[in-house]
Every structure is written in structure tokens, then in C-alpha cells.
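Please read the structure below before turning to the comments.
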Amino acid sequence: MIDRHFGEDARARIGEAVKRAEALSRGQLVPVVVEKSDPYPEARWRGATTAVAIATGVVLAAHWPLSLVELALLQLAAGVLGALLASWDPIERALAGRRALDEAARARAMRAFHEHGLHRTAEGTGVLVFASLFEREAVVLGDHGIHARMGDDWSRAVAALAAGMKAGDPAKGFVDAIALCGARLAEHFPRDPSRQPPRNELEDTIRASRS
């Protein structure tokens, strides 16, 4: 999924979007994409137990004359099938539940914020633009210097990134979201033309990982 959506051309477009956004302000933007924020083992367990319950219910409703050994083998087969089906993305999402998906994506974004040094910028103006493809979740986080001024006012950027994922073009979602973040940063943290431009503390390229 990462390789399909984030080839060299997409990565170059995102890097250029970061450069344009940072040219307007003192902000330091870092785009990060992960394929999946959590392995969701509970989804496989729920799939297996649901399949076992369905198989058992069918046997009881149909009054099939199965021995205990035959019933146990049927339940085992149903459990294995249920666990396998739960690995299919749409079913896995449904079994994991929207709340778990949201929490996993936000926790992974917080981890990425620290992994990529966004909490160590000189003015506290680091901004993470994060997407988790499996969960179809977008998160934008600002460091203390940003958050004190802007709070959680990143809704338009989050919506743009989420729209890109929904449309099957997450790279475009990143470009649009970064542009919106840059515009907001330019309002609150404009560059002073009389001073030397701030040092680019973080690389402009997108960081991508499987998990």
C-alpha cells in the first residue's frame, strides 16, 4: 500500500509542498505515513469466536446429529475460517471498531511526533502531518509553541488529508493538508524579512513505514 501510493514522484511532490509551506513561516513540518497503526489481534479473536458461535447455532437449529468430536472439529474449522476472514481489511476494521481505530492512529501519531524529533525544534514550532492508511485516519499535531497559539485548529488540514485517502490519492491529501498548515503557520508564525531565515531543522521528505 505504501509503495503503491508513495513512489518517487509522490514523495517529491510532498517534499516540495513542505518547502513551500516552510518558506512562509517559522514552522517545521514533517509528513509521516504508516500503513497500519496497530495489528489488532482482537479482531482475529472476535472473528474466530463469532464464526464458532454461528456454526454452533446452525448445528443446533438444524438438529444435525453430530457427535461431540464432530462438533468440536466443526467449531475448530469455523474458528480458523473466522480468524482468516478477519484478516481481510474491511472485516478487520469492523471487528476492531471505530473507537479502537481512532485511538490506535492517535497513539501512533504521538509516537511519530517524538520519533522524528518534532518536540526538539528551537522555537517549539514542529508540526506533524500524519496519516494511517489502514485506519483511514489523519492527525495533525503541533508542538508547544504552536499549540499555545493555535490549539487544535487543524480541522481543515485533517479533512484534506482524510479526503485524499478516501479518494485513493493520499499523496494529494498530504500536499493539500501541508499547504493549509503552511497558511495557518504563516498567520501565527510569519518569517521576519529583516532576520536571517530560520535553519531547516527537520528534513522535508515524507517518512513512511509499515507500522
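Quantities reported herein were computed from a predicted structural model and do not represent experimental measurements.
Minimum heavy-atom separation, R46 to A96: NH1-O, 3.4 Å. Nearest heavy-atom pair across A157 and A177 is O-CB, 3.3 Å. In this structure, I146 and T125 approach most closely via the heavy-atom pair CG1-CA, 3.5 Å. Closest approach of V139 to L141, counting heavy atoms only: CG1-CG, 3.8 Å. Nearest heavy-atom pair across S37 and A105 is OG-CA, 3.5 Å. For the pair A131 and L161, the tightest heavy-atom approach, listed with the atom from each and the gap, is CB-CD2, 3.9 Å.
With rounding to the nearest 0.5 angstrom, the CD1 atom of I14 is 11.5 Å from the CZ atom of R207. Separation of atoms CZ (F174) and NE2 (H5) is listed at 11.5 Å; rounding is to 0.5 Å. Going from atom OG1 of T56 over to atom CG of L71 covers 5.5 Å, rounded to the nearest 0.5 Å. Atom CG of L128 and atom CG of L118 lie 5.5 Å apart (nearest 0.5 Å). Residue K19 holds its NZ atom at 12.5 Å from CD1 of I178, rounded to the nearest 0.5 Å. Of the inter-residue distances, the one linking I54 atom CD1 with T49 atom OG1 reads 9.5 Å to the nearest 0.5 angstrom.
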Checklist entry - Should L133 and V33 be marked as a side chain to side chain contact (heavy atoms under 4.5 Å, CB included) after you check the CA-CA gap, both sets of side-chain angles, and the distance that decides it? => result CA-CA 7 Å; L133 301 181; V33 60; 3.8 Å; yes
Next on the checklist: Using side chain to side chain contact (heavy atoms under 4.5 Å, CB included), reason through S209 and R108 one step at a time and then give a plain yes or no.
Outcome noted: CA-CA 11 Å; S209 67; R108 184 64 184 84; 3.7 Å; yes
Checklist entry - Given the rule in the side chain to side chain contact (heavy atoms under 4.5 Å, CB included) test, do E135 and Y40 qualify, once you have shown the distances and angles that lead to the verdict? => result CA-CA 11 Å; E135 291 82 0; Y40 304 105; 2.6 Å; yes
Next on the checklist: Applying side chain to side chain contact (heavy atoms under 4.5 Å, CB included) to V30 and F113, what does each step give before you reach the verdict?
Outcome noted: CA-CA 9 Å; V30 172; F113 191 90; over 6 Å; no
Item to check | salt bridge (Lys or Arg N to Asp or Glu O under 4.0 Å) between R184 and E187, intermediate numbers included | outcome: CA-CA 5 Å; R184 295 291 289 144; E187 293 178 26; 2.8 Å; yes
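Summarising the local packing, CZ of R99 is surrounded by 12 or fewer heavy atoms from other residues, nucleotides or ligands at distances under 6.0 Å.
Hydrophobic cluster membership differs between V59 and L73, with clusters built from Ile, Leu, Val, Met, Phe, Trp and Tyr side chains linked at under 4.5 angstrom. No path of Ile, Leu, Val, Met, Phe, Trp and Tyr side chains, each step under 4.5 Å between heavy atoms, connects V32 with L180, placing them in separate hydrophobic clusters. Hydrophobic clustering (side-chain heavy atoms under 4.5 Å, transitive across Ile, Leu, Val, Met, Phe, Trp, Tyr) keeps F134 apart from L95. Note on L76 and L81: separate hydrophobic clusters, where clusters join Ile, Leu, Val, Met, Phe, Trp and Tyr whose side-chain heavy atoms are under 4.5 Å apart, directly or indirectly. Both F189 and V129 are assigned to one and the same hydrophobic cluster, defined by single-linkage of ILVMFWY side chains at heavy-atom distances under 4.5 Å.
We find that R106 and E103 are not joined by a salt bridge, their nearest charged nitrogen and carboxylate oxygen being 4.0 Å or further apart. Ion pairing between R98 and E137 holds under the 4.0 Å rule for side-chain N and carboxylate O.
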Give every donor-acceptor pair under 3.5 Å between a side-chain atom in residues 162-170 and any protein atom, sequence neighbours left out.
| unit_1 | atom_1 | unit_2 | atom_2 | d |
| --- | --- | --- | --- | --- |
| D169 | OD1 | K172 | N | 3.3 |

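For the salt bridge (Lys or Arg N to Asp or Glu O under 4.0 Å) condition, the pairs that include at least one residue of residues 78-94, sequence neighbours left out, are K36-E92, R44-E92.
A heavy-atom distance below 4.5 Å is not found between the side chains of L24 and L185. You'll find the side chain of L29 reaches within 4.5 Å of the side chain of E22, heavy atoms only.
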